[in-house]
Amino acid sequence: MERTLVLVKPDGVQRGLIGRILSRFEDKGLKLVGLKTLTISPELAERHYAPHKGKPFYEGLVRYMTSAPVVAAVVEGPRAVDLTRSLMGATFGWQAEPGTIRGDFGLSSGFNLIHGSDSVESAAHEIELFFRPEELCAYERDLDRWIISSDDG
Ligand code: IDP
Ligand code: MG
């Protein structure tokens, strides 16, 4: 079973979209096993976005992500990393397909509402940046036998 890191970015929190964004993951059948609000420090933003250091949008990205609180969530399920990326949609709101989170709620390149890890490896690293192990709660849902079949992983 995979886990991935989701952030509802500052624009999503300010616009009152926390519930509507996170409900997409529950609707899909994925499970929330970690959840918190926090204001990202410049140090944490730099570690989280280290792969983008040096890119033209990097400084603005760190400013944006540290400007107001975010919601951090750990989402669990079969293929959670790829499913999360497809629920999010393309990076820029103006490019993202309707039906995706970015496609339905935004039009901007920078203010794109949500972050999701892009691989199983980066998910493991990013989850560690945002959560201590004891903050994650493994639990069974009785309904999962109707959502996840034995060949889903
Ligand atoms: P992703 O969030 O879809 O994985 P990345 O390429 O990893 O996209 O970029 C990380 C974040 O940096 C984006 O979500 C977006 O907030 C910001 N970003 C990326 N490219 C641009 C840009 O060209 N202009 C402004 N912000 C950008
Ligand atoms: Mg990315």
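We count residues from 1, following the sequence as given. Whatever order the structure lists ligands and atoms in, that order sets their numbers, starting from 1.
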Protein contact of [atom] - nearest heavy atom, named by residue and atom, plus distance:
atom	result
atom 2 (O) of ligand 1	Arg102 NH2, 3.0 Å
atom 24 (N) of ligand 1	Phe57 CB, 3.9 Å
atom 4 (O) of ligand 1	Arg85 NH1, 2.9 Å

Sidechain N-carboxylate O distance under 4.0 Å for Asp82, Arg79:
no
Ion pair Asp104/Arg24, N-O distance below 4.0 Å
yes
Check: Thr4 side chain, Ala123 main-chain N or O, donor-acceptor pair, under 3.5 Å
no
When only distance counts, is Tyr64 in polar contact with ligand 1, meaning an N/O pair under 3.5 Å?
no
Without hydrogens or angle criteria, can the side chains of Ser108 and Trp94 be said to hold a donor-acceptor pair below 3.5 Å?
no
Looking at Leu7, Asp118, Thr91, the heavy atom closest to atom 1 (P) of ligand 1 belongs to Thr91
Hey, looking at atom 26 (N) of ligand 1, which of Gly110, Gly60, Ser117 has the closest heavy atom?
Gly110
Any atoms of ligand 1 less than 4.0 Å from a non-hydrogen atom of [X]? List them with their elements.
X	answer
Phe92	20 (N), 21 (C), 22 (C), 23 (O)
Asn112	13 (C), 14 (O), 15 (C), 16 (O)
His52	5 (P), 6 (O), 7 (O), 9 (O), 10 (C)

Between Lys9 and ligand 1, find which residue part has any heavy-atom pair under 4.0 Å and reply side chain, backbone, both or neither.
side chain
Any side-chain heavy-atom pair from His115 and Val6 closer than 4.5 angstrom?
no
Determine, using ring centers only, whether Tyr64 and Phe111 are less than 6.0 Å apart.
yes
